[in-house]
Structure formats: C-alpha cells, structure tokens
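Working notes, structure below.
As the structure lists them, so they are numbered: ligands from 1, and atoms in each ligand from 1. Since the structure is predicted, the reported quantities are computational estimates derived from the model, not experimental observations. Side-chain atoms are counted along with the backbone in the values below, which use heavy atoms only and exclude waters and symmetry mates.
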Amino acid sequence: MFRKILIANRGEIALRIARACRDMGIATVAVHSTADADSMHVRLADESVCIGPPAARDSYLNRAAILSAATIAGADAIHPGLGFLAEDASFASMVEEHGFGFIGPTPEHIALMGDKIAAKRAAVAAGLPVVPGSDGPVYADSEARRLASEIGYPVLIKAAGGGGGKGMQRADGPNDLERALSVARREAAANFGSDAVYLERYLDRPRHIEVQILADHHGAAVHLGERDCSLQRRFQKVLEEAPSPALTAEERERIGSRAAEAVRAIGYRGVGTIEFLWTEGTFYFIEMNTRLQVEHPITEMITGIDLVREQIRVAAGEPLGYGQEAVRFQGHAIECRINAENPRTFAPSPGRVTQYHAPGGPGVRVDSALYDGSFVPPYYDSLVAKLVVHAPNREECRMRLRRALGEFVIGGIDTNLDLHRALIEDGDFVAGRYDIHWLERWMRST
Ligand code: MV4
C-alpha cells in the first residue's frame, strides 16, 4: 500500500481524497496555488506545497511543479482527483516515468477513451450498444451526406476529440448538413486541435444514465449501479440521483453486468463511468470517463462502498476481494451541486463567505471546503459544496433533501441553493419524469 499520496487538486474533491487517505492511515500532501494558501484542503492535509500562481495553467495544470512537489515531499503516489489533469494521458505517463504510482487507469486507457471514435469502437467490440452512426471519422461532405441519409435525420455531428458537448452540431435535413459539418469541424479544430468528426443519429429526449464500474489489476470488475444525471444546464450537471427513477431492477442488472463485462474485456483498471443515453427502454453508449466523478457520493450512499478507498486500493495492486453478489443496493440518494453563482445570470459569484452553516442529521452528507470566513477565488470551478442525501426510498430522500436545503446557510456569496429548493418541489421532479432537456425548459418557464 502507498505510504504518502500527493493530491493534485483543490476544493471539496481534495478534501474527499484526504479523508479516504486518513481513514487508510496514508499520509497526504496537498498542493495549492497562491490563491489557495488558506484553503481547507491545505489545512486538512499532513503537509502542503505551493505550486504556483492563481491561474490553473500555472499551478493545478503545471505538471512539472506537481512532480517536483511529489519528489520534494517524498510521496509514492499521485491522485489527480477530477478535472485538471485527471484525464490527461501524458500526465499519467509522466507520473509513472518518475516512479510514482498513478491513482487512475493506464495512460493507454485514458487516451483510448479520450478519442471518442476509438472509445465507441472499443465499446462495440466489448459488446455495448452504441448510437447508430458512422463507425469512424467522416471526411468528405459527400460521404457525410450518404451516411446521414442511411442513419436518418436529424443527425448529430460530434468531434472525435470532444466530449461535454463542445463542437456538437445537429443537422435536421440534407440542406442543413454542409453548414453543420463546417461549424463542427471548425469548433473541433479550435477546441481539440483536430477537425475529425463523426456522425450519430440524434436522440430526441433521452435521459443521461451512467454506470459506475470498479476494476482491479487482476481481471476482476464489478458495477455499482447507475446514476441519473439528466438534470443539467449547458452540459453542467445540477442534480443527480441513484438509482435512476426510470429503470426497472432488470434493466439495472442488465446494463450493469454488460458494463462490468465490457471493462473486463478491455482490461480496464480503476474506477470508471460508462455514459449512456437512454430512451424508450434502450441504452446507447456515448462515452466513458476514466476518473472519479463529482457525483460519486450518491453511489457510495446506496452501496455503502467507499469509492476513493477502493480506487486507492486497486491502484496499489490489491485485489478487489469481492464479486458482484457482494454489491447490494440500498435506498435512494440525491446530490445537489451547490455553485457560487448569480441566481439570474449564472455568472460565477466568487468572494468572502461571511456565514456558513451546513445541514446534518440522518442521511445527510456535505462535501465542501467552505468554512466561515473562507474565500471563494474567481479562478476555478464554481462548485462549492455537494449536498448528498440518502433515505430508504426516493420520496423520503426528497423530503430529507428539502429539510437539508432548508438548513443550509451560505452567506456573503450568491449560490444556487434557491434553485434546488424550487426544483425539488416541481411535480415532474417529484414524479421522476424528466429528460436531458427538462431543466433548461423548466428554468425558462419559471
Ligand atoms: C447526444 C445527444 C443526442 N443524440 N448524442 C452532449 C454531451 C456529450 N457528452 C453527448 N451529448 C449528447 N449526445 C446523440 N446521438 C444529446 C446529447 C446531449 C446531452 C447528453 C447528456 C447530458 C446532457 C445533454 C444535453 C444536451 C445534449
């Protein structure tokens, strides 16, 4: 097992990792920018190293500074957390070349899933259902035209290097295709350094359902059920829940076992998330994330499994030690992402936190680096707290969430707490009746 882990991240996720390390008796090294010198993640770690000025590219994305910090502090492994360098295959390689353990999958698996076309091909080979489309990059407009009429309109043009919605263009018919292709290629080239695009049938109102998997270095893999992440605005998730209110127990078991089978087939190791679009009882693979995710706590709540502990254990080469039959699902969990943002414009709202009171009580967990008097810097993601609630069933979970949202006080900065308070009272939410476009429609109408 590792003795000392450097956490190459900040905020609530750095705290989450430090807590798992402490539970395991592993020493921790925090890294921080000059803007984060007084941050909770620095206070909670055993030691800390300043790695650069506020801008992320000069600090949390500064590979050389992070590797130097790990060397100076005598760490034997690096946990990348999420965002920043977590899905950077070259960083994972560098970490290993410098003799540190990388707490994540192999650089090859990160690179494979970063290329959305290669990922889709791997998914097909591993037996996962995918969205019908081109089975590779589309070059000539004439080829795109032929493929699109085969697939059927509307079609979606996606960037091979994409993900997260960037460089996606819909074409509703043949007259629209040339424009959509050129816009998609231009955006792909500008954002990902490659203008490679591929085509898919456009799914109209799907749900976004993702399956959590966990695999060791010895060929064992389990799934930990799914999360419904359909409630999002501009590709930013707002509220997630597990299990999905849309799935039957049979659907859950079927997609979960296929996901676990697929990661065994590709030799994947570590934690990972397989993303599907789901509509009318059918799953379509779209992408795989090769990192711990923001919403992992809802899976921890319904399975009782500490995902970060398991991630560290398998990265150190330990066998999983249990099979699928040992994974039991209990109750329902919901996560609200609390952002420092203006409730009308959604612009980030950095500043001094003048008052902080987190809710507690049965079934309530808050992951946050905020404290009375803490400062939310303007340089990073606006997520400042995750409110995670667990109860025996969905309605009791919603009632607990209402109670917890009522107790939560964050003063001095704007937050989306009121958005969550209103959202969970809506009849469609109460009924679990929503798709990936529902929240944006609801926000326009309220
Ligand atoms: C789609 C789709 C409809 N049909 N693919 C957006 C982000 C990227 N990861 C995949 N995305 C989508 N792919 C097909 N063939 C609709 C979306 C999509 C979406 C997906 C998940 C969560 C929120 C979304 C919001 C808008 C569009």
Side-chain angles (χ1 to χ4, degrees), residues 82-83 87 112-124 128-138 144 147-148 150-173 176-177 180-181 183-184 187-188 191-192 196-211 226-242 244-247 255 272-291 293-295 335 337 346 423 434-444:
L82 47 85
E87 289 179 291
L112 173 71
M113 296 306 169
D115 176 341
K116 304 306 165 186
I117 292 176
K120 210 175 158 185
R121 283 195 175 129
V124 172
L128 292 175
V130 301
V131 190
S134 60
D135 44 32
V138 176
L147 277 164
E150 249 173 61
I151 297 163
Y153 288 95
V155 294
L156 206 54
I157 301 154
K158 293 183 173 181
K166 259 196 193 143
M168 242 174 47
Q169 285 292 320
R170 191 174 99 180
D172 288 322
D176 205 18
L177 191 61
L181 273 169
V183 174
E187 282 184 17
N191 285 295
F192 313 113
V197 297
Y198 62 108
L199 243 63
E200 277 183 357
R201 183 204 292 157
Y202 175 75
L203 302 175
D204 190 30
R205 287 183 174 189
R207 299 177 82 110
H208 177 194
I209 295 178
E210 56 184 35
V211 177
E226 84 286 4
R227 298 182 286 260
D228 197 317
C229 304
S230 302
L231 294 172
Q232 57 84 37
R233 176 183 176 272
R234 299 201 177 165
F235 309 115
Q236 296 295 314
K237 293 166 187 168
V238 172
L239 178 154
E240 307 96 341
E241 58 181 318
S244 168
L247 297 194
I255 196 63
T273 301
I274 306 189
E275 294 188 354
F276 297 92
L277 295 179
W278 180 92
T279 182
E280 290 164 36
T282 308
F283 284 96
Y284 302 92
F285 168 92
I286 48 169
E287 289 171 27
M288 178 170 182
N289 300 320
T290 56
R291 59 165 195 280
Q293 294 202 228
V294 170
E295 59 273 25
E335 170 180 275
R337 294 193 185 199
F346 304 104
L423 167 59
Y434 56 78
D435 58 44
I436 60 172
H437 305 297
W438 184 91
L439 185 64
E440 288 176 357
R441 267 183 271 130
W442 179 79
M443 288 169 78
R444 276 194 297 273

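- Of the protein's heavy atoms, L156 CD2, 3.5 Å lies nearest to atom 14 (C) of ligand 1.
- With 3.5 Å as the limit, one finds no donor-acceptor pair spanning the side chains of E210 and T273.
- A distance of 9.0 Å separates CE in M443 from CZ in R234, rounded to the nearest 0.5 Å.
- Atoms of ligand 1 lying under 4.0 Å from at least one heavy atom of E287, given by number and element, are 8 (C), 9 (N).
- Using bins of under 30°, 30° to 60° and over 60° for the plane-to-plane angle, the ring pair W438/Y434 lands in the tilted bin.
- With respect to R227 and E241, no salt bridge is recorded, no charged nitrogen being found less than 4.0 Å from a carboxylate O.
- A side chain to side chain donor-acceptor pair (under 3.5 Å) with R337 holds for exactly one of E295, Q232, Q236; it is E295.
- Scanning the protein heavy atoms around atom 19 (C) of ligand 1, the nearest turns out to be I436 CD1, 3.4 Å.
- Between K120 and E200 a salt bridge is recorded (basic side-chain N to carboxylate O distance below 4.0 Å).
- In terms of polar-atom proximity, defined here as any N/O pair under 3.5 Å, Q232 makes no such contact with ligand 1.
- Residue P206 has no N or O atom closer than 3.5 Å to an N or O atom of ligand 1.
- Under 4.0 angstrom from ligand 1, the non-hydrogen atoms of R201 all belong to its backbone.
- Between atom 26 (C) of ligand 1 and the options F235, Y202, F276, the minimum heavy-atom separation is to F235.
- The nearest protein atom to atom 4 (N) of ligand 1, hydrogens excluded, is given as L203 N, 2.9 Å; this is a heavy-atom distance.
- No salt bridge links R233 with E440; every basic N to acidic carboxylate O contact stays at or beyond 4.0 Å.
- Residue-level proximity to ligand 1 for V131 is carried by the side chain, the only part with a heavy atom below 4.0 angstrom.
- Relative to atom 21 (C) of ligand 1, the option among H208, E275, M168 with the closest non-hydrogen atom is H208.
- By the 4.0 Å N-to-carboxylate-O rule, D135 lies too far from R121 to be salt-bridged with it.
- When only interatomic distances are considered, the shortest N/O to N/O separation between K158 and ligand 1 falls below 3.5 Å.
- The protein heavy-atom contact nearest to atom 7 (C) of ligand 1 is G165 N, 3.4 Å.
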